[in-house]
Amino acid sequence: MKLNTSAMRYLSNDDFRVLTATEMGSKNHEIVPTVLIAQIAGLRGGAGVGNCISELAKANLIARVKNAKYDGYRLTYGGYDYLAIKAFSNRRTVYSVGNQIGVGKESDIFVVANEKGRKCVLKIHRLGRISFRSVKNNRDYLRNRQSASWMYLSRLAAQKEFSFMKALYENGFAVPEPIDYSRHCIVMSLIPGFPMRQLSSHEDPSTLYSSLMSFIVRLANHGLIHCDFNEFNIMILDEPKSEDEQFVVIDFPQCVSIDHVDAERYFRRDVDCIRLFFEKKLGYFSEDYPVFKRDVKRVASLDIDVQASGFSKKMVKEFEKAISESREKVEDEFDHESVEEDNYEDDDDDDDEDEDDKVEEEQEDELRSDDNSAGEPGDAEESSLPVVMYADK
């Protein structure tokens with residue numbers, strides 16, 4: 001799904017109310033009935049819903065499902081993108097959207113800017129595109145969320161990554177500054193550098209190697225293992241601040257606690273990825289490398305702190321089932337019978353319902369915001385968002 005914000009400036013507040021109503025209805029409906037969309041949107045007199053639906057469908061933000069038993073629509077990834085960007089716009093986090101600067105298995109990366117012209121990065125999680133295909137065959141853990149399972153998992157990925165990034169940034173780790181997040185999207189600081197995979201030589205590989213290994217150990221000492229610590233997720237700074245500050249680490253949704261059953265294996269794999277890269281690309285080999293049992297000494301509990309900060313136990317279990325597929329980099333289906341956690345009892349419904357309540361409150365706030373900022377119904381010129389596309393020269 002490509003991000004195209006060209007239609008955003010032409011959408012009215014009523015259009016966004018109907019789009020938000022479709023999102024809210026998707027919680028319990030595979031296809032959201034048109035009548036329910038109108039009821040949730042609560043447009044004055046109920047007029048104009050049909051026109052709004054027509055405009056949204058034309059922009060591919062919602063889609064009609066053929067051969068459905070009743071008249072209804074489903075929210076598309078494009079519509080989900082628009083809702084997130086509108087939330088950023090309302091909070092003055094994003095004013096304009098620029099070029100796409102990266103694409104991964106599970107995300108798209110864009111340059112954005114706020115009203116003051118500060119350039120940032122917009123990361124859009126898109127779970128289910130490649131490495132999560134087999135999850136669709138094991139969606140029982142999503143209960144009544146089948147209609148928006150990928151969007152739900154993408155939202156969990158964004159929330160988890162933002163939480164990890166915020167905790168790490170506040171504790172002085174070399175990570176991007178987390179600025180804002182909404183739904184499946186994160187806004188973070190733009191790193192002036194390039195991926196380490198583009199590095200073909202280095203004037204002092206031993207220092208860089210040592211700094212990277214120290215990062216792995218320090219992260220583990222704070223309770224976390226990256227699980228995907230490689231040349232694709234390490235940015236080399238154009239202007240290093242010092243010998244020990246040459247890089248910034250990105251991509252955190254797959255992080256695990258050092259108390260994870262496979263923590264030692266993930267730790268060793270992160271170490272081996274760096275050793276292999278330095279040996280093959282930079283011709284540098286070292287027998288000095290960290291060992292989990294010998295070098296990891298817990299000094300903090302960021303793993304516990306982050307899990308307790310807005311990420312409920314139920315969400316951790318649901319996300320863990322999906323993200324484990326990415327960690328292992330395999331295409332085989334999940335073997336639920338071999339994983340003890342797959343048979344857990346559903347004893348955290350209250351936590352999950354609390355999170356759903358938070359999401360619903362945010363959606364209702366957006367509906368109220370539309371009420372307060374709207375001009376006349378359907379007046380797109382007065383109520384359209386200032387989000388525009390620009391070319392990053």
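- Cluster annotation: Y82 and V49 are assigned to the same hydrophobic cluster (Ile/Leu/Val/Met/Phe/Trp/Tyr, side-chain heavy-atom contacts under 4.5 Å, transitive).
- Both L199 and I216 are members of a single hydrophobic cluster when ILVMFWY side chains are connected at heavy-atom separations under 4.5 Å.
- Counting only distance, with no hydrogens or angles, the side chain of D270 and the backbone of F229 share a donor-acceptor pair below 3.5 Å.
- Within the 3.5 Å criterion, the main-chain N or O of L224 finds no donor-acceptor partner in the side chain of S257.
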D81 and R126: CA distance, side-chain angles, deciding distance, salt bridge (charged side-chain N to carboxylate O under 4.0 Å, His left out) verdict: CA-CA 10 Å; D81 294 345; R126 301 204 187 282; 2.8 Å; yes
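- Heavy atoms from other residues, nucleotides or ligands lying under 6.0 Å from CZ of R92 number 12 at most.
- The CG atom of L43 sits 5.5 Å away from atom SG of C52, with the distance rounded to the nearest 0.5 Å.
- With a 4.5 Å cut-off on side-chain heavy atoms, Y77 and S154 count as touching.
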Evaluate side chain to side chain contact (heavy atoms under 4.5 Å, CB included) for L3 paired with Q100, printing each intermediate quantity in order. CA-CA 9 Å; L3 176 64; Q100 184 170 0; over 6 Å; no
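- Side-chain atoms of T20 come within 3.5 Å of backbone atoms of F16 as a donor-acceptor pair (strictly under, hydrogens ignored).
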Given K123 and I109, is the side chain to side chain contact (heavy atoms under 4.5 Å, CB included) satisfied, shown in steps? CA-CA 5 Å; K123 180 175 183 179; I109 313 296; 3.5 Å; yes
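- Contact record, I31 with G72: CG2-C, 3.3 Å, taken as the closest heavy-atom pair.
- Looking only at distances, no side-chain donor or acceptor of S210 sits under 3.5 Å from a matching main-chain atom of S206.
- Side-chain N or O atoms of S163 include none that pairs as donor or acceptor with a backbone N or O of V306 at under 3.5 Å.
- When atom types are taken as modelled, the side chain of H226 and the backbone of D251 share a donor-acceptor pair closer than 3.5 angstrom.
- Looking only at side-chain heavy atoms (C-beta outward), H125 and C185 stay at 4.5 Å or farther from each other.
- By the 4.5 Å heavy-atom criterion applied to side chains, L75 and L19 are counted as neighbours.
- For the pair V249/L219, no side-chain contact is recorded, criterion being any heavy-atom separation below 4.5 Å from C-beta on.
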Residues S6, N4; criterion side-chain hydrogen bond (donor to acceptor under 3.5 Å, both in side chains); working and verdict: CA-CA 6 Å; S6 59; N4 181 3; 2.8 Å; yes
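- The aromatic rings of H184 and Y80 sit parallel, their planes meeting at an angle under 30°, below the 60° perpendicular limit.
- The closest side-chain heavy-atom distance from I53 to T22 is not below 4.5 Å.
- In this structure, the side chains of N114 and T93 stay at 4.5 Å or more apart for every pair of heavy atoms.
- Annotation: E239, atom CD; neighbour count of heavy atoms from other residues, nucleotides and ligands within 6.0 Å does not exceed 12.
- In this structure, R17 contributes its side chain and A41 its backbone to a donor-acceptor pair below 3.5 Å.
- Judged purely by atom type and a 3.5 angstrom limit, D295 uses its side chain to pair as donor or acceptor with the backbone of V291.
- Using a distance-only test at 3.5 Å, with no hydrogens or angles considered, a donor-acceptor pair links the side chain of E161 to the main chain of F252.
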Output, in order, the C-alpha distance, side-chain angles, deciding distance and verdict of salt bridge (charged side-chain N to carboxylate O under 4.0 Å, His left out) for R183 and E23. CA-CA 11 Å; R183 296 172 174 86; E23 179 194 22; 2.8 Å; yes
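- Nearest heavy-atom pair, F278 versus P205, reported as atom, atom and distance to 0.1 Å: CE2-O, 3.3 Å.
- Residues K166 and P178 approach most closely at CA-CG, 3.5 Å, considering heavy atoms.
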List the steps and the verdict of side chain to side chain contact (heavy atoms under 4.5 Å, CB included) for N230 and F277. CA-CA 8 Å; N230 56 47; F277 174 82; over 6 Å; no
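- I62 CD1 to E55 CD: the interatomic distance, rounded to the nearest 0.5 Å, is 10.5 Å.
- Distance CD1/I258 to OG/S301: 7.5 Å, rounded to 0.5 Å.
- When the side chains of ILVMFWY residues are joined at heavy-atom separations under 4.5 Å, either directly or via intervening members, M196 and F285 end up in two distinct hydrophobic clusters.
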Between T34 and D71, is a side-chain hydrogen bond (donor to acceptor under 3.5 Å, both in side chains) present by the stated rule, with each step listed? CA-CA 6 Å; T34 304; D71 184 47; 2.7 Å; yes
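- In this structure, the separation between CD1 on I101 and NZ on K119 is 10.0 Å, given to the nearest 0.5 Å.
- Residues L212 and F232 are members of separate hydrophobic clusters, defined by side-chain heavy-atom contacts under 4.5 angstrom among Ile, Leu, Val, Met, Phe, Trp and Tyr.
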Between F215 and F173, does the ring-ring contact (aromatic ring centres under 6.0 Å, His included) criterion hold? Intermediate values first, please. CA-CA 8 Å; F215 184 97; F173 283 86; 5.7 Å; yes
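- Between Q246 and T207 there is a side-chain heavy-atom pair separated by less than 4.5 Å.
- Here the shortest heavy-atom pairing between V187 and C120 reads CG1-CB, 3.9 Å.
- Contact of the F292 side chain with the V271 side chain is not registered, since no non-hydrogen atoms from C-beta on lie closer than 4.5 Å.
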Applying ring-ring contact (aromatic ring centres under 6.0 Å, His included), run through Y181 and F162 and close with a yes or a no. CA-CA 7 Å; Y181 88 94; F162 185 86; 4.9 Å; yes
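- Considering every non-hydrogen atom in both L122 and F88, the closest pair reads CD1-CE1, 3.7 Å.
- To the nearest 0.5 Å, the span separating CG on L208 from CD1 on I234 amounts to 8.0 Å.
- A donor-acceptor contact closer than 3.5 angstrom is absent between the side chains of H222 and D303.
- Taking CE from M24 and CG from L83, the interatomic distance works out to 11.0 Å, rounded to the nearest 0.5 Å.
- Counting heavy atoms of neighbouring residues, nucleotides and ligands inside a 6.0 Å radius, atom CG of D238 exceeds 12 of them.
- At a threshold of 4.0 Å, the pair D15-K86 does not count as salt-bridged, since none of the basic side-chain nitrogens sits closer than that to a carboxylate oxygen.
- Under a 3.5 Å cut-off, the side chain of R275 and the backbone N or O of Y289 do not form any donor-acceptor pair.
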Side chain to side chain contact (heavy atoms under 4.5 Å, CB included) between V296 and N221, worked out: CA-CA 6 Å; V296 175; N221 288 342; 3.9 Å; yes
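- Every side-chain contact (heavy atoms from CB on, under 4.5 Å) that S189 has, sequence neighbours left out, goes to R118, P176, E177, I191.
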Would Y284 and H202 count as a ring-ring contact (aromatic ring centres under 6.0 Å, His included) if you check the C-alpha gap in whole Å, the side-chain angles of each, and the deciding distance to 0.1 Å? CA-CA 10 Å; Y284 177 83; H202 195 275; over 10 Å; no
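- I124 and I250 end up in different hydrophobic clusters when Ile, Leu, Val, Met, Phe, Trp and Tyr side chains are linked at under 4.5 Å.
- Contact record, A157 with L127: CB-CD1, 3.8 Å, taken as the closest heavy-atom pair.
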